[in-house]
Amino acid sequence: MKEAPESLNFIEQIIEEDLANGFPQEKLRFRFPPEPNGYLHIGHAASICLNFGLGEKYNAPVNLRFDDTNPSKEEHEYVEAIKRDVAWMGFKWANECYASDYFQQLYDWAVQLIKDGKAYVDGQSSEAMAAQKGTPTTPGTNSPHRNQSVEENLDLFTRMKAGEFAPGTYVLRAKIDMASTNMHMRDPILYRIIDKAHHRSGTAWCIYPMYDWAHGESDYIEQVSHSLCTLEFKAHRELYDWYLDQIVDPAKLRPKQREFARRNLSYTVMSKRKLLELVQNKHVSGWDDPRMPTISGLRRRGYTPSAIRKFSDLAGIAKRDNVTDVSLLEFCIREDLNKIATRVMAVLDPVKLVITNYSEGKVEMLEAENNPEDPNSGTHEVPFSRELYIEREDFQEEASKKFFRLSLGSEVRLKSAYIIKAESVIKDSNGNIVEIHCTADLDSKSGTGTEASMRKVKGTLHWVSIAHAIQAEVREYDRLFLDESPDGHEDKNFLDFLNPDSLRVIPNAFCEPYLGKAGLQDKYQFQRLGYFTLDTDSKDGKLIFNKTVGLKDSWAKQNVTPEAKPQAPQPKQEQGKRSALNEIQQIGKKITNLSGEKLEAAKESIAQFAEEISYEELEPLFGTAAKKVGTRIAVAISLGVLLKNGQSRNEAINSFLEAAISDENEILREEAQKPG
RNA sequence: UGAUCCAUGGUGUAACUGGCAACACGUCUGAUUUUGGUUCAGAAGAGUCUAGGUUCGAGCCCUAGUGGAUCAACCA
């Protein structure tokens, strides 16, 4: 058996390498370090799955650490939301940690830095410091306070902590290198004064550590072995390491930071700042609006943890910029829901259907499969009667043979019920159909095993009995933005791309009565429509369903109007020609791998295809890179054919052949000499 | 104008120390189907950004370009 080693992402490769170099596996430790200033989104899911996935894979602890070093932006509400989301995704953290728990240790280390002459208090304005910082292309200049005495720095820093100074008046800076090409090394700030109560430490502190100072040291305190973050922190790594250098005990584990590319999803935005803007400006109903790419939004919409984990798994981890197509996410949720969702019937846009040969007042309870994918899922009852609703778009008075649904004179099956035939329609004064009259084949009842019940008909429709239907509100969602990459345009604001039709509310959908017992956790498939789940806005007596995702719909696809179709059909002749050239290139690709009869056969077929192409098509290929010998051979053969057929020599031809004749490839030389 | 990172089908990722570019989504056929879903069978689509070089052999190594991203918050 051929062993197919599962391929590792580059982070896993780094860990495997460390392990191979003697790093003890039991010391592996990871962390997921969100700042509690917003809700988690599908991009965070990548990081969560990476870190916790690594924890599961190597049986290593993973901490949930809140990077709460800035009380002016952080709130307890976010802490709770984040914990809920991570837990919902099915991960268990080893410890719940807070950077704020390390404030004293961080302060003590900072004092040590001052004593070591590695940090100083700067009392300049932020503008002055920014000016001294230089730019990425020009070095900065030293602060006038850079060489203050240790005593003075200590005194100032103590008084900063004591609350003697106003916010913005003093900062503690590391003394590194104002001329570094890395901006983060130009005497970065360790502490600033913030006059705000912290969600955990309250008013115990008025100086707060900056991210860089807190993060690496927190990793060190927790003995995190691999500190994984997104690529925008790459430039911070040098500082991360510098800070560690100042305080690390060689006997203890020294964390290392590695960076991966953040995951982007098409037709949405993935920055907390922008998501917050959507929430604050009421473009959505909140962080958990089902259109949001947040974990809580996806949950409310009906996504499952396993679908999100599958998505993270399929999307992978790498270092290049990416925009993953939402269709991958949709694939993941459909795949999961197909296995678990209970099949029911609901009509969103109803038209009345009367079965004229079915007794008035008669009601039958029919049996409907809960889930054909799961033989153990059982059945439930659906009431059937003379008057039903079907979907308006499932009926056309006259239809083409491609339309598998109901039309006058044609037969369809009503799912789990009878085969019916449309006989006539009743219209209102505007010509709108208000009723469809049909007859049922009363021997064709589903599941009876009669010959009539086994008949094959073109289509199957979903329906509900009018007398028994329960009403529900249904919310259908479309992409929040109309552009694939709404924040990818320098000249335009992402809000310009908001989709005005991202929410469609159907106030009165008709559902089969079974849905009356729906609970918030239940997943349903409204047959032929899509997957639905109860929204948290639902109350007793008021059902509200969210459409999680539609079923794949190949009918809708082939039904799009010709002008809406992406590619205009090419004229036939053109296509023929193009494919001839294409064939030549295809054969050429592999020609250097061939020999003997196969080689001769390949040359022959190139020559044949060459009969169909024009010189104008071929000429661009003269510029083919020298190393692509196969293509050049194919071009030489084709050119030979064209010349034989009367193409006259020109400079381009001559220089191409000249180069070919002096090439080191024998086949190419041979073919290039033939026309001569 | 500097530093750093990245570049493989439409999209996202693979290709272990160089050996005929793979997987998934998407797209398109066909079969099955009481969901135009699912399932099954199959197809198209990439010379791995460009040009050189090393090598018997390069997506992978080297050089030079090109393109994109990131970096100058008392944010993280």
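Throughout, a chain's letter reflects where its sequence line sits, starting with A, and its residues are numbered from 1. Here the structure is a predicted model, which is why all the values come from computation and not from measurement.
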(request) Verify the ring-centre separation between Tyr78(A) and His199(A): is it less than 6.0 angstrom? (result)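 No, ring centres 6.0 Å or more apart.
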(message) Below 30° counts as parallel, above 60° as perpendicular, anything between as tilted: where do the rings of His184(A) and His236(A) land?
(response) tilted
(request) Name the orientation class of the two ring planes belonging to Tyr98(A) and Phe66(A) (parallel below 30°, tilted from 30 to 60°, perpendicular beyond 60°). (result)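 If you compare the ring of Tyr98(A) with that of Phe66(A), the planes turn out parallel.
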(request) Would you check if Trp555(A) stacks with the base of G36(B), given a 5.5 Å centroid limit and a 30° plane limit, both strict? (result) yes
(message) Applying the 5.5 Å / 30° rule, does Phe331(A) stack onto the base of A24(B)?
(response)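 Check failed, Phe331(A) does not stack on base of A24(B).
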Under 4.0 Å from OP1 or OP2 of [N]: is there any side-chain N or O of [X] that close?
X         : N      : result
Arg173(A) : C74(B) : no
Asn182(A) : A3(B)  : no
Arg528(A) : G36(B) : yes
Lys319(A) : C5(B)  : no
Gln13(A)  : A15(B) : yes
Arg192(A) : C75(B) : yes
Lys557(A) : G36(B) : no
Lys552(A) : G36(B) : no
Thr324(A) : C25(B) : no
Ser554(A) : G37(B) : yes

Reckon [X] touches a base, only the sugar-phosphate, or nothing at all at heavy-atom distances under 4.0 Å?
X         : answer
Thr135(A) : base
Gly140(A) : nothing
Glu35(A)  : sugar-phosphate
Arg343(A) : base
Lys234(A) : sugar-phosphate
Ile317(A) : sugar-phosphate

(request) Determine whether the side chains of Arg343(A) and His462(A) contain a donor N or O and an acceptor N or O closer than 3.5 Å. (result)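 No, no side-chain donor-acceptor pair sits under 3.5 Å.
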(message) Whether the Glu259(A) and Gln257(A) side chains hold a donor-acceptor pair (N or O, under 3.5 Å, no angle test) is what I'd like checked.
(response)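 Result is yes, a qualifying pair exists.
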Would you say the base of [N] and the side-chain of [X] have a donor-acceptor pair closer than 3.5 Å?
X         : N      : result
Arg262(A) : U70(B) : no
Gln525(A) : U35(B) : yes
His236(A) : A76(B) : yes
Arg405(A) : G36(B) : yes

Charged N to carboxylate O below 4.0 Å: is that the case for [X] and [Y]?
X         : Y         : value
Asp441(A) : Arg455(A) : yes
Arg200(A) : Asp68(A)  : no
Lys445(A) : Glu364(A) : yes

Atom [atom1] of [X] and atom [atom2] of [N]: how far apart are they, to the nearest Å?
X         : N      : atom1 : atom2 : value
His462(A) : U34(B) : NE2   : P     : 18 Å
Leu551(A) : U33(B) : CG    : P     : 19 Å
Ile11(A)  : C5(B)  : CD1   : C1'   : 14 Å
Leu239(A) : U4(B)  : CG    : C1'   : 15 Å
Glu373(A) : U39(B) : CD    : C1'   : 8 Å

(request) Would you mind telling me which residue lines up with the more 5' stretch of RNA chain B, Phe404(A) or Tyr170(A), judged by nearest nucleotide? (result) Phe404(A)
(message) Quick check on RNA chain B: between Asp325(A) and Ala130(A), whose nearest nucleotide comes earlier from the 5' end?
(response)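 Result of the comparison: Asp325(A).
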When you compare [N] with [M], how far apart are their [atom1] atoms, in angstrom units rounded to a whole number?
N      : M      : atom1 : value
U13(B) : U8(B)  : P     : 9 Å
A51(B) : G47(B) : P     : 12 Å
U48(B) : C61(B) : P     : 14 Å

(request) Would you write the dot-bracket representation of RNA chain B, where each base gets (, ), [, ], | or . depending on whether it forms a Watson-Crick or G-U pair under 3.5 Å and with which partner? (result) .((((((..((((.....[..)))).(((((.......))))).....(((((..]....))))))))))).....
(message) When you measure from the side chain of Arg413(A) to the backbone of Ser444(A), do you find a donor-acceptor pair of N or O atoms at a distance under 3.5 Å?
(response)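 Looks like yes, one N/O pair under 3.5 Å.
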(message) Return the OG1 to CD distance between Thr169(A) and Glu164(A), rounded to the nearest 0.5 Å.
(response)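 Interatomic distance, Thr169(A) OG1 to Glu164(A) CD, rounded to 0.5 Å: 10.5 Å.
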